[in-house]
Student: 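Before I ask anything, let me first share the structure, which is written out below as structure tokens.
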Amino acid sequence: MKKTFILGALTVAAMSAGAASAATLDDVKARGKLECGVNTGLVGFAAPDANGRWEGFDAAYCRAVAAAVLGDPDAVEFVPLTTKTRFTALAAAEVDVLSRNTTWTFSRDVDLKFEFVGVNYYDGQGFMAPKNLGVSSAKELDGATVCIQTGTTTELNLADFFRANNISYEPVPIETNAEGQTQYLAGACDVYTTDASGLAATRATFEDPSAHVILPEIISKEPLGPLVRHGDPEWGDIARWTLNALIAAEELGVTSANIEELAAGSDNPEINRLLGTEGNLGEMLGLEADWAKNAIMAGGNYGEIFAKTIGESTPIGLARGLNAQWKDGGILYVPPFR
């Protein structure tokens with residue numbers, strides 16, 4: 001009887017796992033749109049424009065996934081989430097993927113049962129202060145009031161930094177970047193701390209960005225990237241390889257300008273496999289052969305997306321730095337498409 005019960009339980013578990021494995025893909029196809037969790041509003045990463053259309057670095061990834069799965073980059077419903085609600089929304093299947101400048105950590109991956117599908121931006125925590133505060137280093141902030149988003153990795157990083165440098169601070173808790181911006185500009189805190197990219201994005205929206213300085217210290221590693229739930233490896237593969245396709249396209253020289261020409265066939269077998277003119281990579285994912293082509297066409301390759309959303313020619317003004325391709329001195333590197 002005991003053996004029968006164990007075998008029965010294993011069978012039920014196996015059946016459940018099999019039923020769940022393609023659940024998200026099936027749901028997205030049946031719904032006809034991707035539910036993508038994003039920031040409540042961080043210019044350059046994810047924010048609605050004047051016409052209410054969500055734009056930005058993270059929003060572009062959402063459109064790439066929608067294009068890969070549904071063939072339509074606009075088949076996305078953007079779900080704005082705070083730092084407190086983002087994980088519960090993903091766990092409760094209120095969104096299919098979270099693309100919300102979220103740091104990949106051990107506990108989020110293992111304890112919260114999420115799967116980070118890659119890093120789309122290598123970042124680190126920094127500090128922003130008004131120039132008239134007269135500080136040039138975070139080590140000069142003894143006794144400062146600091147605006148900080150709750151439910152983030154920045155809280156512990158902040159405590160560790162001040163403790164290590166034997167200086168004190170008073171936290172001013174905030175829930176959203178918009179609230180942080182308001183509190184900071186109103187003088188409710190001396191300093192605002194978050195990922196350095198977020199500080200640059202926030203400063204770009206100020207009436208006079210030059211009146212604020214981002215201090216030189218970077219006090220943490222913040223590998224940001226999209227994530228999905230545990231338990232659906234097929235959906236994880238789709239989310240992961242869509243990101244990889246955008247990065248690989250830049251490395252291989254596939255751009256929004258030449259993709260149609262290259263999709264007709266090229267001398268590079270990896271480009272052909274990426275764009276679906278050779279091999280059966282799309283079939284392996286349960287998608288059409290041109291899934292990656294559609295993803296790249298949604299907003300361009302990784303470099304194109306970076307340049308037009310947060311790059312040096314935008315108000316955000318971020319240099320590629322670590323986020324350059326491995327061939328160009330950065331650490332962007334994805335597995336081969338074969």
Side-chain angles (χ1 to χ4, degrees), residues 25 28-29 32-34 36 44-46 49 53-76 78 97 99 117-121 225-226 235 237-314 318 320 323-328 330 332-338:
L25 177 58
V28 171
K29 286 183 174 180
K33 65 180 178 181
L34 177 78
C36 197
F45 285 87
D49 64 14
R53 178 180 169 83
W54 284 83
E55 298 289 358
F57 185 76
D58 288 332
Y61 170 76
C62 298
R63 288 202 168 88
V65 175
V69 174
L70 300 168
D72 181 1
D74 291 321
V76 185
F78 291 94
V97 62
S99 181
V117 299
V119 177
N120 67 350
Y121 192 92
W235 180 248
D237 285 343
I238 290 170
R240 176 179 304 103
W241 284 96
T242 298
L243 174 60
N244 288 348
L246 300 178
I247 297 171
E250 181 186 21
E251 177 185 343
L252 295 168
V254 179
T255 70
S256 55
N258 66 16
I259 191 168
E260 288 290 3
E261 178 184 353
L262 292 173
S266 78
D267 295 332
N268 187 322
E270 188 159 13
I271 291 177
N272 296 339
R273 290 191 293 267
L274 175 68
L275 301 182
T277 56
E278 286 184 22
N280 62 340
L281 301 187
E283 181 183 345
M284 294 179 190
L285 287 172
L287 302 178
E288 299 296 327
D290 60 356
W291 67 278
K293 176 189 173 187
N294 291 335
I296 298 160
M297 289 179 65
N301 64 35
Y302 178 92
E304 290 177 290
I305 293 169
F306 191 107
K308 66 187 176 186
T309 57
I310 58 176
E312 292 181 288
S313 63
T314 71
L318 294 174
R320 287 292 291 267
N323 299 291
Q325 291 280 341
W326 64 278
K327 298 188 299 182
D328 301 321
L332 278 193
Y333 188 105
V334 297
F337 280 75
R338 64 169 61 96

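Below, all heavy atoms of this structure are taken into account, side chains as well, without hydrogens, waters or symmetry copies. As the structure is a prediction and not an experimental result, all values here were calculated from the model.
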Student: Could you go through the side-chain contact (heavy atoms from CB on, under 4.5 Å) check for Leu252 and Glu270 one step at a time?
Tutor: CA-CA 8 Å; Leu252 295 168; Glu270 188 159 13; 4.0 Å; yes

Student: Under a 4.5 Å cut-off applied to non-hydrogen side-chain atoms, are Pro226 and Leu243 in contact?
Tutor: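 When only atoms from C-beta onward are counted, Leu243 and Pro226 do touch, with a gap below 4.5 Å.
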
Student: Taking the side chain as every heavy atom from C-beta outward, state whether Glu55 and Arg63 have any atom pair closer than 4.5 Å.
Tutor: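 Of all side-chain heavy-atom pairs linking Arg63 with Glu55, at least one is under 4.5 Å.
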
Student: Go through it in stages, so that I can follow the logic: the residues are Asn268 and Leu262, the test is side-chain contact (heavy atoms from CB on, under 4.5 Å), and I'd like the CA-CA distance, side-chain angles, deciding distance and then a yes or no.
Tutor: CA-CA 9 Å; Asn268 187 322; Leu262 292 173; over 6 Å; no

Student: Under the side-chain contact (heavy atoms from CB on, under 4.5 Å) criterion, do Leu275 and Ile296 qualify, and how do the steps go?
Tutor: CA-CA 9 Å; Leu275 301 182; Ile296 298 160; 4.1 Å; yes

Student: Under 3.5 Å, is there a donor-acceptor pair between the side chain of Thr314 and the main chain of Gly311?
Tutor: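 A pair under 3.5 Å: yes.
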
Student: Please give me the minimum heavy-atom distance between Ala298 and Ala67, naming the atom from each residue.
Tutor: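 Closest heavy-atom pair between Ala298 and Ala67: CB-CB, 4.0 Å.
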
Student: Are the aromatic rings of Tyr302 and Phe57 close, with centres under 6.0 Å apart?
Tutor: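 Ring centres of Phe57 and Tyr302 closer than 6.0 Å.
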
Student: Testing the basics here: between Asn258 and Gly253, what is the closest heavy-atom pair and its distance to 0.1 Å?
Tutor: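 Smallest interatomic distance, heavy atoms only, reads ND2-O, 2.9 Å.
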
Student: Which pair of non-hydrogen atoms, one from Leu281 and one from Trp291, has the smallest distance, and what is that distance?
Tutor: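 Shortest heavy-atom contact: C-NE1, 4.1 Å.
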
Student: Would you name the heavy atoms of Glu304 and Ser256 that are closest together and state the gap between them?
Tutor: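 Looking at all heavy atoms of both residues, the shortest contact is OE2-OG, 2.7 Å.
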
Student: Look up atom CH2 in Trp54 and atom CG in Asp74, then write down how far apart they are to the nearest 0.5 Å.
Tutor: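 Atom-to-atom, Trp54:CH2 and Asp74:CG are 15.0 Å apart.
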
Student: So, does Asn294 use its side chain to make a donor-acceptor pair with the main chain of Ala68 at under 3.5 Å?
Tutor: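 Side chain of Asn294 to backbone of Ala68, a donor-acceptor pair under 3.5 Å: no, none is there.
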
Student: Between Cys36 and Val76, what is the shortest heavy-atom contact and its length?
Tutor: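 In this case the closest contact between Cys36 and Val76 is CB-CG1, 3.9 Å.
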
Student: Can any side-chain N or O of Ser99 pair as donor or acceptor with the backbone N or O of Asp58 at less than 3.5 Å?
Tutor: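 It does hold such a pair.
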
Student: So, do Met297 and Glu260 sit near enough that their side-chain heavy atoms are less than 4.5 Å apart?
Tutor: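 Yes. Closest side-chain heavy atoms under 4.5 Å.
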
Student: With heavy-atom distances below 4.5 Å as the criterion, would you say the side chains of Glu250 and Ile305 are in contact?
Tutor: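 Counting from C-beta outward, Glu250 and Ile305 never come under 4.5 Å.
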
Student: Working to the nearest 0.5 Å, report the span between CZ of Arg273 and CG of Asn280.
Tutor: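 Reported to 0.5 Å precision, the distance equals 11.0 Å.
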
Student: Looking at OG of Ser313 and CG of Leu318, how far apart are the two atoms once the value is rounded to the nearest 0.5 Å?
Tutor: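 Separation between the atoms: 11.0 Å.
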
Student: Between Trp241 and Phe337, how do the two ring planes meet: parallel, tilted or perpendicular, split at 30° and 60°?
Tutor: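 Perpendicular: the ring planes of Trp241 and Phe337 meet at over 60°.
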
Student: Which atom pair, heavy atoms only, marks the closest approach of Lys29 to Leu70?
Tutor: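 Looks like CA-CD2, 4.0 Å.
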
Student: Can you check whether Ile247's main-chain N or O pairs, donor with acceptor, with Gln325's side chain at less than 3.5 Å?
Tutor: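 It does hold such a pair.
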
Student: Just verifying a value: how many Å separate Lys293 NZ and Ile271 CD1, rounded to the nearest 0.5 Å?
Tutor: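 Here the interatomic distance stands at 14.0 Å.
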
Student: Quick one: OH on Tyr333 to CH2 on Trp326, what's the gap to the nearest 0.5 Å?
Tutor: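 If we round to the nearest 0.5 Å, Tyr333:OH and Trp326:CH2 are 6.0 Å apart.
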
Student: Rounded to the nearest 0.5 Å, what's the gap from CG on Leu246 to OH on Tyr61? Could you check?
Tutor: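 Interatomic distance, Leu246 CG to Tyr61 OH, rounded to 0.5 Å: 8.5 Å.
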
Student: Look at the side chain of Asn301 and the backbone N and O of Val254, then say whether any donor-acceptor pair between them is shorter than 3.5 Å.
Tutor: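 Yes; judged by distance alone, with no hydrogens or angles, the pair exists.
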
